[in-house]
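Let me begin by presenting the structure, written as structure tokens, before commenting on it.
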Amino acid sequence: KGAEMVELDEWRCKTGELVVMHDPKVDRTTNGKGKIADLSLAEIRALDAGTKKSPAFAGAKVPTLEEALERFPQKGIWLNIHCKTGDAASEVAQHLLATGRKNQAILMMDNKRDLGVLRSKCPWARTGLVATLPAWGKVWSDESRAEQVAELPDLGIEFFQMLPKCHLTREQIDRLHAAGIKTTYFFCNDAEGFAPLVKEGHDYIFTDCYTKLRAAYDQAKK
């Protein structure tokens, strides 16, 4: 349908496998309860991951990362893999290399420490960094924003991922583009908020409502 990037999050379960889910717990999206890290793959497999979305998806199962990746073609779309389990990033990178996807996927890291470990183990991996706040829930200060933007070109990343509480100015985005760093934005689900993000110059904007917002994107790009 024309989507250019798909974002998915990985977590390691109790028995060691990597599964795809946004939250660290299964409570919000399945009929179960508990942390992914405390549940075995068999226990996670037994859950219904579809009914809370819609009765039409009743019986849907939580996929492993490998199963999820197999659903996507190897060309024509970016795979944005948010490595929520930092120590699993190199494992994910090796899987991407083995399956011919190393140039298709971005491993998005939450902090510079995990990013450094990944880059030392898999220097060929395509990487990105998620914007951070001094304390979650507080608006970025001009100083914090400027400090992060200034250090990004030296980190070897290709993507910088913004969050709703972490905005950049158009000038800062242009500076990142000049340094070879693209920006992604997580996330926007309404047309009113979508157009300004396109005007700001973000390369990729995540949404749960692709069909509804595609027209807003195309109009804003004119």
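As the structure is a computational prediction, the values presented were derived from the model and not from experiment.
Neither V117 nor I106 shares a network with the other; the hydrophobic side chains, linked directly or stepwise wherever heavy atoms of I, L, V, M, F, W or Y lie under 4.5 Å apart, form separate groups for each. Under a hydrophobic-cluster definition in which Ile, Leu, Val, Met, Phe, Trp and Tyr are linked whenever side-chain heavy atoms come within less than 4.5 Å, directly or via other members, M21 and L79 are assigned to different clusters. Linking ILVMFWY residues whenever their side-chain heavy atoms come closer than 4.5 Å, directly or via other members, places M162 and V198 in the same cluster. In the hydrophobic clustering of ILVMFWY residues, with side-chain heavy atoms under 4.5 Å counting as a link, L97 and L65 come out apart. Hydrophobic clustering (ILVMFWY, side-chain heavy atoms < 4.5 Å, transitive): I36 and L18 are in distinct clusters.
Looking at N189, its side chain does come within 3.5 Å of a backbone N or O of D208 through a donor-acceptor pair. A distance-only check finds no donor-acceptor pair linking the side chain of N80 to the backbone of L107 [under 3.5 Å]. For the pair W11 (side chain) and A37 (backbone), a donor-acceptor distance under 3.5 Å is absent. Remark: side-chain polar atoms of R119 are not paired, donor with acceptor, to backbone N or O of T127 under 3.5 angstrom. Looking only at distances, a side-chain donor or acceptor of K199 sits under 3.5 Å from a matching main-chain atom of A220. Under a 3.5 Å cut-off, the side chain of S54 and the backbone N or O of F57 do not form any donor-acceptor pair. Judged by distance alone, the side chain of Y204 and the main-chain N or O of M5 form no donor-acceptor pair under 3.5 Å. Q74 contributes a side-chain N or O that, together with a main-chain N or O of T99, makes up a donor-acceptor pair within less than 3.5 Å. Using modelled atom types, no side-chain atom of E4 and backbone atom of W78 make a donor-acceptor pair closer than 3.5 Å. Side-chain N or O atoms of T207 include one that pairs as donor or acceptor with a backbone N or O of C188 at under 3.5 Å.
By the 30° and 60° cut-offs, the orientation of the rings of F206 relative to F186 is perpendicular. Taking the six-membered ring where the residue is Trp, Y185 and H167 present tilted rings, their angle falling between 30° and 60°.
Around the NZ atom of K52, the shell of radius 6.0 Å holds more than 12 heavy atoms that belong to other residues, nucleotides or ligands.
Counting only N and O atoms by type, the side chains of N31 and D48 include no donor and acceptor under 3.5 Å apart. Checking T169 against E171 by side-chain atom types alone, no donor-acceptor pair falls below 3.5 Å.
Salt-bridge annotation for K61 and E67: absent, with no side-chain N of the basic residue lying under 4.0 Å from a carboxylate O of the acidic one. A salt bridge is absent between K221 and D218: the closest approach of a Lys/Arg side-chain nitrogen to an acidic carboxylate oxygen does not fall below 4.0 angstrom. Using a 4.0 Å cut-off between a side-chain N of Lys or Arg and a carboxylate O of Asp or Glu, E91 and R12 qualify as a salt bridge.
Going from atom CD of E10 over to atom NE2 of H95 covers 12.0 Å, rounded to the nearest 0.5 Å.
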